[in-house]
Amino acid sequence: MDIFGYEYHEGERQIQDAGGVHHAADLLAEMVVPAISAGAQAFLGSVDVVALAGIDRRGRCWATLLGGLSGSVIATSTAVALGAPGGSDPLGELAPGDQVGMVAIDMPARQRLRVNGIVIAASATCLTVEVREAYGNCRKYIDTERMIGPTASAESLERSSLSREDAVLVASTTTFFIGSAHPDRGADCSHRGGPAGFVQVTSPTSLSFPDYPGNNMYNTLGNLLVNPSVGLVIPDPDGRHLQITGTATLQIGEPNEHTRTGRAVSVEIDEIRRPITDTPVRPL
């Protein structure tokens with residue numbers, strides 16, 4: 001156990017050491033606590049958007065968006081109750097004992113809170129999560145103009161490659177959420193933001209994005225170094241959010257205009273989910 005409280009795992013430490021930020025990360029470890037403060041409870045009760053990450057029954061990591069939540073999330077110091085993903089969602093089968101990560105975000109106010117824990121109760125409409133780790137995140141890279149609404153109710157189409165419509169969404173986005181998981185420490189969900197074009201489609205079955213400077217904890221990259229299964233959800237203004245699960249590869253090189261830090265993540269897509277429309281899916 002680290003003397004600072006939070007115990008970084010081997011993947012997080014490897015990325016921190018490579019970047020020379022081991023000490024800086026230690027200084028932040030004490031902010032990760034197994035409880036939710038009164039102020040954070042109030043924030044969760046007022047927030048409209050929560051992104052949730054977890055593992056499906058095939059062992060793949062997914063992230064999903066729960067929107068339109070204001071007033072429906074109930075938090076105590078030790079647990080969070082919130083709406084469950086729909087039955088057709090890849091995380092619709094979460095059950096007690098499953099480990100999940102979530103990030104609650106208020107885009108206009110540029111505030112976000114991360115909570116990791118374990119599902120202790122699940123129904124078709126509600127999940128209750130016991131808190132294992134809770135901590136605030138910095139205000140960087142939050143697009144205050146980006147509004148995220150509820151997921152469209154249409155059935156999702158399962159496929160293995162990006163369509164032309166998907167590529168347009170990816171190229172225009174300034175916001176997405178990423179799910180990752182450590183085999184022993186559980187799931188984590190994080191927000192990523194940047195200028196339009198910061199996520200790049202590199203083929204019909206792959207994309208990449210840079211890792212911008214953050215809090216030096218490297219929760220996401222550390223998880224991906226140990227377990228490359230990754231889940232992304234890219235919000236769509238009409239609620240047709242794009243969900244992707246795949247395999248991540250970390251790329252570490254010299255800083256440049258695109259990566260800034262020299263770090264980037266490439267994702268080979270395994271499966272895509274997106275609510276269908278009457279418009280035929282056009283291959284990329």
Side-chain angles (χ1 to χ4, degrees), residues 4-6 8 12 25 27-54 63-85 91 94 99-120 126-144 146-150 174-182 185-193 212-223 231-233 235 241:
F4 297 93
Y6 177 70
Y8 290 109
E12 293 165 331
L27 296 179
L28 294 174
E30 62 185 10
M31 75 176 183
V32 183
V33 294
I36 300 176
S37 68
Q41 291 172 44
F43 173 73
L44 286 168
S46 66
V47 78
D48 281 328
V49 177
V50 172
L52 183 73
T64 193
L65 273 168
L66 307 174
L69 296 174
S70 184
S72 63
V73 179
I74 300 173
T76 67
S77 63
T78 58
V80 179
L82 71 165
L91 297 181
L94 287 172
Q99 298 182 91
V100 296
M102 68 182 81
V103 56
I105 191 163
D106 183 332
M107 304 292 281
R110 297 180 64 213
Q111 293 182 317
R112 54 192 176 188
L113 175 74
R114 283 162 76 167
V115 179
N116 299 333
I118 185 167
V119 176
I120 55 175
C126 182
L127 290 178
T128 302
V129 178
E130 180 183 78
V131 177
R132 297 292 178 85
E133 300 162 357
Y135 54 108
N137 268 180
C138 68
R139 298 159 63 87
K140 290 180 179 178
Y141 316 121
I142 298 177
D143 181 358
T144 59
R146 173 70 65 171
M147 303 304 294
I148 301 173
T174 59
T175 300
F176 73 93
F177 299 87
I178 181 168
S180 61
H182 185 277
R185 301 286 291 276
D188 179 86
C189 193
S190 180
H191 160 267
R192 290 290 188 271
Y212 291 154
N215 60 14
N216 293 321
M217 296 175 76
Y218 296 118
N219 305 123
T220 299
L221 294 192
N223 283 348
L232 309 179
V233 57
H241 308 316

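This chain uses plain numbering: 1 for the first residue, then up along the sequence.
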Item to complete: Could you check Ile148 against Phe177 for side-chain contact (heavy atoms from CB on, under 4.5 Å), going step by step and ending with a plain yes or no?
Response: CA-CA 12 Å; Ile148 301 173; Phe177 299 87; 3.8 Å; yes
Worksheet item: Looking just at side-chain N and O atoms, do Ser190 and Arg192 make a donor-acceptor pair shorter than 3.5 Å?
Response: yes
Item to complete: Return yes if a side-chain donor-acceptor contact under 3.5 Å exists between Asn223 and Asp188, otherwise no.
Response: no
Item to complete: Nearest 0.5 Å please: distance from the CZ atom of Arg146 over to the OG1 atom of Thr174.
Response: 4.0 Å
Worksheet entry | Donor-acceptor contact present, side-chain Glu133 to main-chain Val115, <3.5 Å | no
Discussion item. I'd like to check the side-chain hydrogen bond (donor to acceptor under 3.5 Å, both in side chains) partners of Glu130; sequence neighbours left out, ordered by chain and number.
Written reply: Arg132
Discussion item. Working to the nearest 0.5 angstrom, can you tell me the gap between Cys126 SG and Ile74 CD1?
Written reply: 7.5 Å
Fill in: Where Gly179 and Ala53 come nearest, the two heavy atoms and their spacing
CA-CB, 3.6 Å
Worksheet entry | Results of ring-ring contact (aromatic ring centres under 6.0 Å, His included) for Tyr218 - residues two or more places apart only | none
Response to the item:
Here the pair of heavy atoms bringing Ala104 nearest to Val50 is CB-CG2, 4.0 Å
Item to complete: Taking side chain to side chain contact (heavy atoms under 4.5 Å, CB included) as the test, write out the residues that go with Asn137, two or more places apart.
Response: Arg112, Arg114, Tyr135, Asn215
Worksheet, complete the sentence: For Asp106, the side-chain hydrogen bond (donor to acceptor under 3.5 Å, both in side chains) test, sequence neighbours excluded, returns none
Item to complete: Please confirm whether the backbone N or O of Gly149 pairs with a side-chain atom of His241, one donor and one acceptor, at under 3.5 Å?
Response: yes
Worksheet, complete the sentence: For Pro235 and Leu65, the nearest pair of non-hydrogen atoms, with its separation, is CB-CD1, 3.8 Å
Item to complete: Identify the heavy atoms of Cys189 and Gly101 that sit nearest to each other, and give their distance.
Response: CB-O, 3.6 Å
Practice prompt. Answer yes or no: is there a side-chain heavy-atom contact under 4.5 Å between Met102 and Asn116?
Written response: no
Fill in: Spacing of CG belonging to Asn216 relative to CG belonging to Leu27, to within rounding of 0.5 Å
10.0 Å
Worksheet item: Can you check whether Thr128 reaches Val119 side chain to side chain, under 4.5 Å on heavy atoms?
Response: no
Discussion item. Return the CD1 to CG distance between Ile105 and Asp48, rounded to the nearest 0.5 Å.
Written reply: 11.5 Å
Fill in: Nearest heavy-atom neighbours spanning Ile36 and Ala134
CG1-CB, 4.1 Å
Response to the item:
Hits for side-chain hydrogen bond (donor to acceptor under 3.5 Å, both in side chains) against Gln99, two or more places apart or cross-chain, chain-then-number order -> none
Item to complete: Using ring-ring contact (aromatic ring centres under 6.0 Å, His included) as the criterion, list what pairs up with Tyr141, not counting sequence neighbours.
Response: Tyr212
Item to complete: Check whether any side-chain heavy atom of Gln111 lies under 4.5 Å from a side-chain heavy atom of Arg139, and answer yes or no.
Response: yes
Practice prompt. Locate the shortest heavy-atom distance separating Pro85 from Thr64; write the atom from each residue and the value.
Written response: CG-CG2, 4.1 Å
Worksheet item: Got Glu12 and Asn219 here, is their nearest side-chain heavy-atom distance under 4.5 Å?
Response: yes
Worksheet item: From Leu52 CG over to Leu94 CG, what is the distance, rounded to the nearest 0.5 angstrom?
Response: 6.0 Å
Worksheet, complete the sentence: Taken to the nearest 0.5 Å, the spacing of Ser180 OG from Arg185 CZ works out to 12.0 Å
Worksheet item: Below 4.5 Å, heavy atoms only, C-beta onward: do Met31 and Met217 meet side chain to side chain?
Response: yes
Item to complete: Report yes if the side chains of Leu113 and Val47 come closer than 4.5 Å at any heavy-atom pair, otherwise no.
Response: no
Worksheet item: Under 4.5 Å between any side-chain heavy atoms of Val129 and Ile118, yes or no?
Response: no
Worksheet item: Hey, does the side chain of Arg110 reach the backbone of Asp143 with a donor-acceptor pair shorter than 3.5 angstrom?
Response: no
